A.B. asks: 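Please see the structure below; I have some questions.
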Amino acid sequence: TLTSRLSKCHKHHTLQIELSLFILSSGGAELLFDGVKKHHVTLPSQSEPWDVKQLLVWIQRNLLKERPELFVQGDTVRPGILVLINDADWELMGELDYRLQDQDNVVFISTLHGG
Amino acid sequence: TLTSRLSKCHKHHTLQIELSLFILSSGGAELLFDGVKKHHVTLPSQSEPWDVKQLLVWIQRNLLKERPELFVQGDTVRPGILVLINDADWELMGELDYRLQDQDNVVFISTLHGG
Amino acid sequence: PTKAKAALSNEDIMRYSRQLLLPELGVQGQLNLSKTSVLIVGCGGLGCPLAQYLAAAGIGRLGLLDYDEVELSNLHRQVLHGEENRGQAKALSAATAVKRLNSTVECIPYHLQLSPENALQLIQQYPAANVSSTYNVPTRYLVNDACVLSGKPLVSASALRMEGQLTVYNYRGGPCYRCLYPVPPPQETVTNCSDGGVLGVVPGIMGCFQALEVLKIASGRGSSCGQQLVMFDAQDARFRSIKLRPKQAGCAVCGENPSVTQLADYEAFCGAAATDKCRKLNL
Amino acid sequence: PTKAKAALSNEDIMRYSRQLLLPELGVQGQLNLSKTSVLIVGCGGLGCPLAQYLAAAGIGRLGLLDYDEVELSNLHRQVLHGEENRGQAKALSAATAVKRLNSTVECIPYHLQLSPENALQLIQQYPAANVSSTYNVPTRYLVNDACVLSGKPLVSASALRMEGQLTVYNYRGGPCYRCLYPVPPPQETVTNCSDGGVLGVVPGIMGCFQALEVLKIASGRGSSCGQQLVMFDAQDARFRSIKLRPKQAGCAVCGENPSVTQLADYEAFCGAAATDKCRKLNL
Ligand SMILES: [Zn+2]
Ligand SMILES: [Zn+2]
């Protein structure tokens, strides 16, 4: 199904100029986003399809208010943050290489340590 | 959105011969269905669109094993059973007159009285 | 009705420090809790965790109502009671346990059965959320009507076998129990825990959930479960939230021309007794 | 290890009658519970309801481990303890409360800190599910590795502010904690309850949920939360279930060529102390 989603995604991007995403953060990760848990964002059109690696850069530039090092390390998310794409662990979706589709749901969740 | 769904539904039926539904029961209502909570059923094609009223008759004839009076009273479900269509109370969807669409999710839930 | 606190004591600040930190609660929310009184109808599988977490959080006054006595067969799910409380009134046993946890909560045990004669007077003493965890059908209609007539929300839950349900009735323009169920179910279709069984931790989860919604209402944040049915299936560990119908104009008690304007005979209305002591197994 | 019961006593049948009725449990499931021993690491906000419902349901043996003493600021969420238990070891206080509810459960309090030196020996005494409700990072890796090395499932939950998370690790071929988090988080990103606060009923709900999954595993039905992350948001009263990655071939402890074959220094690995007594507020 990953392949079918990817091909659907390609088709999508040839038709479409902008990419609309739901970005959610929880478990404390929302504190990096000014305490706001739900963001509905629109990524500008570009010739290549957007992948998660590019999304992380875009988020750093456009959504994070301070201390980006608590969100990314190198070109990936920092240890302790789990990324979910459409309610599945991003590891199942291709991680940084996953090509985003319109209306995708991306969640950044910080592991909780309270009890 | 109800109107748009209905028109989508009409269009659907002119293209399609059979109607595939997910029928779920819980809260005790599943005991009327031989204890099985999830049924994936296919309704035969007919000239008119299927509505919930007809579905209740079909269920009585095809799924209920015994004591249909514990499921329906007159042409509607008996008091104490709530009907949900695609995760909404059927009262919001038109109740008996709601025209079923392919892949609809219909839930029959018995009110629980334990504590 | 309950002593209006102007400020938190040093001991309060210590005790509630971990929840005072929450922007969703804070000092004002904690003061709101201390001014809230809640009536818990039924100190069983739902009422036990409910009373426990409301008391722990610092609810001002807690009414604990149950007509029944503690039995050994209750202890697999009614975790406020202990072996030594067998034979004791559940309301008293629950009050003792709650006091052990938080002696600053005003705890009032009612060892009696809620009836059309006493319900309104009792419920009017509890200005905020009125919580039902009662299972039999006549008492559900009685509590619902009493809440509608006194203009109070009803945080209602139930649990049976491996399933649970929760709704906040009569809340912010949402439906009441009668809006959803205008006609009582046939008696032979009603199963209770003695008949159908229940895994104890299922009312545990649902009772905690009730406590959460009561605390959200009482602190001033508001519940997210009005006009919602939360369904829990313990076997696949799944919750589902269902959008319910709005308040019904034709409802007999909360509608535009109500026919129910005072409490009546609910056993006759439901064709059932308001106890769960004896009941046949059906479904 | 725990006395193998061949049949239920008359008192057992009475006590557990409401859950014996369940086809999902029945007499065989109840006997399975009575043969199960569970180690609860941490008798705090999660451990309290967890111990309560496991004992109520008739788990055979319950190990209750906590190095800490009861404080007033615990009581808003750690509902097994009472005001009179202030200053007492949590493990002892919890054991006393559990005994009050069900004296037939073998209860073993451990007033100590889990360490690389004692963890394996302790955990190996608990053949079935091993439950962690511990919050600090080094202890999470320690418990995870000890469970993987002893081949036991780990029913893990956490709660902070108005949120909860739950996963069953190392269960039926699913991932372990390290498969998900091969590298510990930077210490300044770790918040605990003293820093971030928590609404008491949130660990209440998550601890009950842990009890449910332990009971499903212990009775023989199996958990539905392996390779799943259950997220709970108390503010909008929503649960979400997320499909996680499978067991990772490259995992340092459960992978094909594990580099962790015995317990090591977890404080050094995580750059953090294995207590939650002092920690700065960050996020
Ligand atoms: Zn109404
Ligand atoms: Zn692993």
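Keep in mind it's a predicted model, so treat the numbers as computed, not measured. To find a chain, count down the sequence lines: A is the first, B the second, and so on, and within it residues start at 1. Just the heavy atoms: all of them, side chains too, but no hydrogens, waters or symmetry mates, feed the values below.
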A.B. asks: Name the option with the most non-hydrogen atom pairs under 4.5 Å to chain D; the candidates are C:A234, C:A211, C:G200.
C.D. replies: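 When all of C:A234, C:A211, C:G200 are compared, C:A234 has the most.
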A.B. asks: Could you have a look at D:E11, D:K99, D:Q235, D:M14 and say which one has the most heavy-atom pairs with chain C under 4.5 angstrom?
C.D. replies: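 Counting heavy-atom pairs under 4.5 Å, the top option is D:Q235.
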A.B. asks: Would you say the side chain of D:C225 lies within less than 4.5 Å of the side chain of D:V230, judging by non-hydrogen atoms?
C.D. replies: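 SC-SC contact between D:V230 and D:C225 confirmed.
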A.B. asks: Can you tell which part of C:Q228 gets under 4.5 Å to a heavy atom of chain D, answering side chain, backbone, both or neither?
C.D. replies: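 Just its side chain gets close to chain D.
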A.B. asks: Test C:R15 against every option in D:E71, D:H76, D:E83 by the side chain to side chain donor-acceptor pair (under 3.5 Å) rule and name the one that passes.
C.D. replies: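 Single pass found, and it is D:E83.
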A.B. asks: Verify, without hydrogens or angle tests, whether D:Q227 (side chain) and D:L244 (backbone) share a donor-acceptor contact under 3.5 angstrom.
C.D. replies: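 Side chain of D:Q227 to backbone of D:L244: a pair is present.
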A.B. asks: Which atoms of D:N102 are under 4.5 Å from chain C, going by heavy atoms: the side chain, the backbone, both sets, or neither?
C.D. replies: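 Contact with chain C is through both the backbone and side chain of D:N102.
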A.B. asks: Could you look at C:S17 and say if it's the side chain, the backbone, both or neither that has a heavy atom under 4.5 Å from chain D?
C.D. replies: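 C:S17 touches chain D through side-chain heavy atoms alone.
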A.B. asks: If you measure from CG on D:L212 to CE on C:M162, what distance do you get to the nearest 0.5 Å?
C.D. replies: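 It is 6.0 Å, given to the nearest 0.5 Å.
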A.B. asks: Given that the side chain runs from C-beta out, which part of D:R221 has a heavy atom under 4.5 Å from chain C: side chain, backbone, both or neither?
C.D. replies: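 Answer is side chain: those atoms of D:R221 sit under 4.5 Å from chain C.
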A.B. asks: Pick from C:L75, C:V198, C:L166: which one has the most heavy-atom pairs with chain D under 4.5 Å?
C.D. replies: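 If we count pairs closer than 4.5 Å to chain D, C:V198 comes out on top.
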A.B. asks: Taking all non-hydrogen atoms of both residues, which atom of C:I205 and which atom of D:C208 are closest, and how far apart?
C.D. replies: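 Minimum heavy-atom contact is CG1-CB, 3.4 Å.
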A.B. asks: Tell me whether D:Q30 contacts the main-chain N or O of D:A57 through its side chain, where contact means a donor paired with an acceptor under 3.5 Å.
C.D. replies: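 Answer holds: yes.
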A.B. asks: Mind ranking D:Y16, D:F209, D:Y53 by heavy-atom pairs under 4.5 Å with chain C and telling me who comes out on top?
C.D. replies: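 If we count pairs closer than 4.5 Å to chain C, D:Y53 comes out on top.
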A.B. asks: Quick check: does any side chain N or O of D:Q78 sit under 3.5 Å from a backbone N or O of D:G44, one acting as donor and the other as acceptor?
C.D. replies: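 Judged by distance alone, no pair lies under 3.5 Å.
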A.B. asks: My understanding is that only one of D:C43, D:C48, D:P49, D:S93 makes a side chain to side chain contact (heavy atoms under 4.5 Å, CB included) with D:L80; could you say which?
C.D. replies: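 It is D:C48, the one option of D:C43, D:C48, D:P49, D:S93 that forms the side chain to side chain contact (heavy atoms under 4.5 Å, CB included) with D:L80.
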A.B. asks: For chain D, which candidate among C:E84, C:R238, C:R240 shows the most heavy-atom pairs at distances under 4.5 Å?
C.D. replies: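 Looking at each option in turn, the highest pair count goes to C:R238.
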A.B. asks: Tell me, side chain or backbone of D:E213 under 4.5 Å from chain C's heavy atoms, or both, or neither?
C.D. replies: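 D:E213 touches chain C through side-chain heavy atoms alone.
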A.B. asks: Return the option, out of D:G204, D:G82, D:G207, with the maximum number of heavy-atom pairs under 4.5 Å with chain C.
C.D. replies: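 Of the candidates given, the most pairs with chain C belong to D:G204.
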A.B. asks: Name the region of C:L215, side chain, backbone, both or neither, that has any atom closer than 4.5 Å to a heavy atom of chain D.
C.D. replies: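 Side chain of C:L215 only, per the 4.5 Å heavy-atom cut-off to chain D.
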A.B. asks: Could you label the plane-to-plane angle of the D:F239 and D:F232 rings as parallel, tilted or perpendicular, counting under 30° as parallel and over 60° as perpendicular?
C.D. replies: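 Rings of D:F239 and D:F232: parallel, as their planes differ by under 30°.
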A.B. asks: What part of D:S73 gets within 4.5 angstrom of chain C, counting heavy atoms only: side chain, backbone, both, or neither?
C.D. replies: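 Both parts, backbone and side chain.
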